[in-house]
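Comments concern the structure below.
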Amino acid sequence: MSDNEILLEVKDLHTSFFTQAGEVKAVNGVSFYLRRGEILGIAGESGSGKSVTMLSVLKLLGRSGKITSGEIIFKGRDLTKLNKREIEDIRGKSISMIFQDPMTSLNPVLSVGYQLREALRRHKIEGDHKKLSIDILERVGVVPAETRLKQYPHEFSGGQRQRIMIAMAMICKPDLLIADEPTTALDVTVQAQILDLMKELQRNFSTSIILITHDLGVIAGSCDRVMIMYGGHSIEQGTRQDIFYKTAHPYTTGLLKSVPDPDNINNARLIPIEGQPPDLINPPKGCPFALRCPDVMRVCVENLPPEKFLSDTHKASCWLLHKNGGDKN
Amino acid sequence: MNVLEINNLKKYFETSAGVVHSVDGVSFNISKGETLGLVGESGCGKTTTGRTIIKLYEPTGGQIIFNGVDITGMTQKEMLPVRKKMQMIFQDPYASLNPRMTIGDIVIEPMIIHKIPKEQHRDRMINLLRRVGLNSEHANRYPHEFSGGQRQRVGIARALAVEPEFIICDEPISALDVSIQAQVVNMLEDLQKDLGLTYLFIAHDLSMVRHISSRVAVMYLGEIVELAESSELYKNPKHPYTRSLLSSIPIPDPDKSDERKIIPLSGEIPSPLNPPKGCKFSTRCPIFKSDCKNIKPVLKNIGNEHFCACPFV
């Protein structure tokens, strides 16, 4: 396997939830790829579709959610075409996922050891399961592993629980780890430890990681490439240098400006993005960000901007980047 | 003039497992028009400090002086006129608004409690809603019709309804999206300027605290370990805990993020049921000396109104 091998490619994904209030178009034509051994950050605010995009990959959409179109190619297979049994064979083995709240993700009445071994049993992994679970617990720094295995989730702190979640996710040595806001519930000092651990595991197991977060600081510190989402669309993608230093989309610019500048001692006023995120039941016809955009033009309200490549690694969807975008007024 | 003075404030909780030392001898003061930031990690006692000041919890020891009056021993009934001057904004804008009351009624409720003449209620409520960026049409709607940022605006309008002088903001922006956080912080700053408010701003988002606060106090296990003017503290942190905490803040800039060095903290925060003897940070301190287990460090002025509770810096 080469380093540049594409592990996951999502093409024009559309995911909707069918509710009493109507169809909620949570993901509206998202395309991206992930190389082996890479860390991709997905950033965006609540309701931007970042979590639903990744839940779609594992088909964890519940009864009301459905992938309405698009392809999810993982190691050459289209995951959208797999049946329940086939996708279960992938979950926890080739692709695993960790969530924001480690307390609700662990079963309080089962010992940590039992829960660690669950994935090994389900996927009929050969070898000494006890030894494998001790190894992985030591890897994530929950020691002494042998005693810790017999304990229950309430006996651990938040940071340790997240380490256990990571151990459960990594025990089958997956190709892809999806981490959905893994450090949001944790304190900054613990967050730094957990992010460090994830980077170390990624290097040692050559696992690819997709890190969903709303914290641009976490993205800047941990990710190779970044996708920014807004209103169910991917609005900008690039390397972290592209996103932070060659910012192309006004929403990304707004996000970067709305956090306090660490070098700014004289406490200049923050520059917020005015307005509220769009309604996904009646999504706007044109650009999802048009209503809050400081640079909005008539074309933005009427037509969805197509993706424009700014370099081999950097693309964004904004009419400002199109030569004739402004002329259509 | 000091709006608030806290001397050696203590709040212990008796539980079946033992006594939890949530707030263990905290002292600070806040002068009029100032914002004091109170930061620290979960379980350090920052929220309990806020709640004890407004006497949602009965203090175990120490003194709370508000506008020159000792309110420590006041009964709930005696507290009523004090609470008119001292209000609170809560973290969770979903849980802190009654889902069965309209926005208008939520904002009017404190006016009823504090016996403001009825004929003023509606006008005041509409003015408050406008003040926080909502409008009169919103008055008849219910909390579920609003986004998180809008709900937090309602919470702020409610706190302002009785014209307080001092507001305890307990993690007011933690539940909000980044793009909305800046809206709310700007609004809090405008209100402070226009109405001469004084804030105690409790949060764990260290970069926002730096932005909004004039001075910042850092708490660890129920005690203040360092207190200084905001830019001084962030530029020149002295206490080993503060240094480690500040070094862990994610920086939204890839190059700076790669350059900086995180000072990792080993181990876990000790249980407040049985806090370490001597310096409470001694079990995790990178510059630990054997004396630290025996000597209780006190908050000392090390120049420039910079206070630090570590004798080895």
Side-chain angles (χ1 to χ4, degrees), chain A residues 43-48 156-160 183-193 195-196 213-223 226 230 239-245 251 254-277 292, chain B residues 39-44 133 146-150 174-187 189-190 204-214 230-232 234-235 241 244-258 260 262-266 268-269 271 284:
Chain A
E45 46 199 277
S46 1
S48 63
F156 295 85
S157 70
Q160 286 175 314
T183 58
T184 306
L186 306 176
D187 287 312
V188 280
T189 54
V190 184
Q191 165 169 285
Q193 294 171 358
L195 291 173
D196 222 39
T213 175
H214 65 274
D215 189 332
L216 295 165
V218 170
I219 296 260
S222 307
C223 301
V226 188
Y230 190 81
T239 62
R240 67 185 176 139
Q241 262 75 20
D242 291 336
I243 299 290
F244 285 89
Y245 301 137
Y251 174 66
L255 270 187
L256 289 171
K257 273 196 201 152
S258 57
V259 293
D261 179 353
D263 292 331
N264 194 345
I265 311 298
N266 57 17
N267 280 355
R269 221 176 139 71
L270 298 177
I271 306 163
I273 304 175
E274 297 300 342
Q276 306 289 331
R292 298 174 76 186
Chain B
V39 300
E41 302 185 272
S42 8
C44 73
F146 293 87
S147 67
Q150 288 173 315
S174 318
L176 307 178
D177 277 311
V178 181
S179 74
I180 307 294
Q181 286 186 351
Q183 292 179 4
V184 173
V185 165
N186 279 351
M187 195 176 68
E189 287 180 332
D190 290 344
H204 67 271
D205 180 339
L206 298 153
S207 36
M208 242 356 149
V209 169
R210 171 190 187 162
H211 172 83
I212 199 171
S213 309
S214 356
S230 162
S231 56
E232 161 74 9
Y234 282 76
K235 249 190 313 189
Y241 176 65
S244 176
L245 190 68
L246 294 182
S247 79
S248 310
I249 307 174
I251 307 171
D253 183 319
D255 291 347
K256 282 184 205 150
S257 179
D258 289 352
R260 66 97 173 259
I262 294 182
I263 308 166
L265 272 190
S266 57
E268 301 271 332
I269 190 163
S271 161
R284 305 172 75 191

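Naming convention: chains lettered A, B, ... in sequence-line order (proteins, then strands); numbering from 1 in each chain. Small disclaimer: the values here were computed from a predicted structure and weren't measured.
Rounded to the nearest 0.5 Å, atoms CD (Gln183(B)) and CD1 (Ile273(A)) are 8.5 Å apart. Rounding to the nearest 0.5 Å gives a distance of 6.5 Å between CD of Glu189(B) and CZ of Arg269(A). Atom-to-atom distance recorded for Ile251(B):CD1 and Leu216(A):CG is 13.0 Å, nearest 0.5 angstrom.
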| message | What verdict does the side-chain hydrogen bond (donor to acceptor under 3.5 Å, both in side chains) test give for Glu41(B) and Thr189(A), after you've listed the backbone C-alpha separation in whole Å, the side-chain angles of each residue and the deciding distance to 0.1 Å? | response | CA-CA 8 Å; Glu41(B) 302 185 272; Thr189(A) 54; 2.4 Å; yes
| message | Working note: Phe244(A) + Asp255(B), criterion side chain to side chain contact (heavy atoms under 4.5 Å, CB included); need CA distance, chi angles, decisive distance, verdict. | response | CA-CA 10 Å; Phe244(A) 285 89; Asp255(B) 291 347; over 6 Å; no
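Exactly one of Asp215(A), Val218(A), Val259(A) qualifies for a side-chain contact (heavy atoms from CB on, under 4.5 Å) with Pro252(B). That residue is Val259(A).
Side-chain contact between Gln191(A) and Pro250(B) is present, with at least one heavy-atom pair separated by less than 4.5 Å. Looking only at side-chain heavy atoms (C-beta outward), Leu270(A) and Met208(B) come within less than 4.5 Å of each other.
Heavy atoms of Ile180(B) lying under 4.5 Å from chain A belong exclusively to its side chain. For a residue to count as touching a neighbouring chain, one of its non-hydrogen atoms must lie under 4.5 Å from one of that chain's; by this rule Val185(B) touches chain A with the side chain only. With a 4.5 Å cut-off on non-hydrogen atoms, Leu206(B) touches chain A through its side chain but not through its backbone.
Nearest heavy-atom pair, Asp187(A) versus Ser42(B), reported as atom, atom and distance to 0.1 Å: OD2-OG, 2.6 Å. In this structure, Pro260(A) and Ser207(B) approach most closely via the heavy-atom pair CG-O, 3.6 Å. Across all their heavy atoms, Ala192(A) and Ile262(B) have their closest contact at CB-CD1, 3.9 Å. Residues Ser257(B) and Gly221(A) share a closest heavy-atom pair of OG-CA, 3.1 Å.
For the pair Arg240(A) and Asp258(B), the salt-bridge criterion is met [side-chain N within less than 4.0 Å of a carboxylate O].
In terms of heavy-atom pairs under 4.5 angstrom with chain B, the leader among Gly254(A), Gly47(A), Ser157(A) is Ser157(A). In terms of heavy-atom pairs under 4.5 Å with chain B, the best-connected choice from Glu274(A), Gln241(A), Lys257(A) is Glu274(A). Contact count against chain A (heavy-atom pairs under 4.5 Å) is highest for Ala182(B) among Ala182(B), Pro264(B), Gly148(B).
Although no hydrogens or angles enter the test, the distance criterion places no donor-acceptor pair under 3.5 Å between the side chain of Gln193(A) and the main chain of Ser266(B). Looking only at distances, no side-chain donor or acceptor of Asn186(B) sits under 3.5 Å from a matching main-chain atom of Ile271(A).
The side-chain hydrogen bond (donor to acceptor under 3.5 Å, both in side chains) search around Glu45(A) returns Tyr251(A), Ser179(B), not counting sequence neighbours.
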